[in-house]
Amino acid sequence: MMNGLLLASLVLLSLAILGSMFRLLAGPSIPDRIAALDTIGILLLATIAVIGMLLRTTAYFDIILLIGILAFIGTTAFARYIERGVVLESGDDREHP
Amino acid sequence: MNPETIGSILESVIGIVVLIGALISVISVIGLIRLPDVYLRSHAATKSATLGVLFILNGAFLYFWIFEDHFSIKLLLGIVFVFLTGPVGGHLNGRAAYRSGVSLWKGSVRDDLKEDLKRERQERQEGRGL
Amino acid sequence: MITYIRRAWAVMKLFVLFNRELFLSSYAVLVQIIRPRLAIRPGIVEMKTRLRSNTEITLLSCLICLTPGTLTLDVAHDGETLYIHAMDIEDAEELAESIRNTFERAIMEVTRA
């Protein structure tokens with residue numbers, strides 16, 4: 001019972017990742033692609049949690065944390081890049097339009 | 001009721017929670033594909049997807065706590081982290097999109113930010129000219 | 001001592017309120033998405049807030065972001081106007097008023113207890 005439900009949710013999550021892949025490739029503007037990339041990261045995290053439950057192992061929890069952190073940092077860096085043209089900068093935020 | 005039945009009922013409940021999470025994720029990705037502009041898409045993507053993933057992670061947390069006797073701080077930390085960062089990422093992305101000039105969907109009913117942003121930029125230009 | 005207990009109670013209330021809002025509005029957004037014809041009126045609404053300190057405004061904009069259907073796009077430099085992108089606007093004043101009545105009041109109870 002449990003395994004069947006977990007497998008079904010694994011299939012659904014893979015479909016969701018495929019769908020966001022479409023938006024990643026097709027998205028007309030760069031922010032679209034960033035949103036899609038962020039979604040893929042978060043869905044990957046969920047997929048790994050489900051796989052961990054299926055295999056009854058706690059070994060993958062580090063990876064969940066790691067992907068969560070990296071997906072956020074990636075989104076932040078991309079957003080700053082398209083807003084200002086640079087990722088890291090010095091000085092006051094309000095100086096730049 | 002013997003412990004075995006209770007165990008299998010709990011197992012099914014956790015499985016259903018995980019399945020609900022997966023369904024919410026799929027629906028929000030349908031929104032990501034279907035909605036007409038960046039801002040609407042990020043409503044669907046960053047928040048409903050976050051909710052779905054929270055369901056799945058909570059299910060995993062309960063599963064390992066009840067059946068494997070493993071109270072996982074790492075998983076709890078992951079839940080808190082997703083909860084905090086998902087919406088912040090959505091905000092940064094939306095702000096960057098607006099400031100880099102991605103236009104709103106043509107069916108939008110109002111836009112209070114446009115005038116204010118224009119005025120702000122003009123003021124800054126004048127301030128720099130002086 | 002009493003202050004601390006009152007503040008902890010206010011935090012609990014904020015958390016419960018927030019979870020309720022999260023579920024209700026997630027449901028609303030998901031229904032909008034799977035409806036065959038899109039019937040949405042999106043737009044950007046400005047909202048004046050009574051909160052002043054940076055902590056309070058950050059908390060408020062995070063909570064608005066976390067509720068599906070509303071997204072904080074920007075905060076004006078005067079520090080008292082939030083620009084919110086909403087998915088389905090019936091009445092802009094009503095939307096701002098409802099945020100003021102729920103989140104803003106709950107945050108005030110936490111920070112100014």
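Proteins get letters first, then strands, A, B, ... in listed order; numbering begins at 1 in each.
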Which portion of [X] sits near chain B, non-hydrogen atoms under 4.5 angstrom:
X	answer
T76(A)	both
L6(A)	side chain
L65(A)	side chain
S14(A)	neither
S20(A)	both
I69(A)	both
N3(A)	neither

Can you tell me how far the [atom1] atom of [X] sits from the [atom2] atom of [Y], to the nearest 0.5 Å?
X	Y	atom1	atom2	value
I40(A)	R33(A)	CD1	CZ	12.0 Å
L5(A)	I14(B)	CG	CD1	11.0 Å
T5(B)	N2(B)	OG1	CG	3.0 Å
I24(B)	L51(B)	CD1	CG	4.5 Å
M21(A)	I33(B)	CE	CD1	12.0 Å
N93(B)	I82(A)	CG	CD1	6.0 Å

Which bit of [X] is near chain A, if near means a heavy-atom gap under 4.5 Å: side chain, backbone, both or neither?
X	value
E68(B)	side chain
L32(B)	both
I16(B)	both
V18(B)	both

Between D38(A) and T75(A): side-chain donor-acceptor atoms closer than 3.5 Å: yes
Between S100(B), S72(B), G90(B), the one whose heavy-atom pairs under 4.5 Å with chain A are most numerous: S72(B)
Heavy-atom pairs under 4.5 Å with chain A, option from G94(B), G21(B), G15(B), S8(B) with the top count: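 Winner by heavy-atom pair count: G15(B).
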Counting heavy-atom pairs under 4.5 Å with chain B, which one of [options] comes out on top?
options	answer
S9(A), A8(A), G4(A)	S9(A)
I64(A), D62(A), L18(A), L15(A)	D62(A)
M2(A), R23(A), R56(A)	R23(A)
L66(A), I67(A), T58(A)	T58(A)

Within the structure provided, determine whether [X] and [Y] are in side-chain contact (heavy-atom separation under 4.5 Å).
X	Y	result
Y98(B)	V38(B)	no
V50(A)	L13(A)	yes
V29(B)	L43(A)	yes
L92(B)	F78(A)	no

Residues of residues 73-81 of chain B near chain A, each having a heavy atom less than 4.5 Å away: K74(B), L75(B), L77(B), G78(B), F81(B)
Distance-minimising heavy-atom pair for R41(B) and P28(A):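 Of all heavy-atom pairs spanning R41(B) and P28(A), the closest is NH1-CD, 4.1 Å.
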T50(B) to G86(B) - nearest heavy-atom pair and separation: OG1-CA, 4.2 Å
Ring centre gap for F61(A) and F64(B) strictly below 6.0 Å: yes
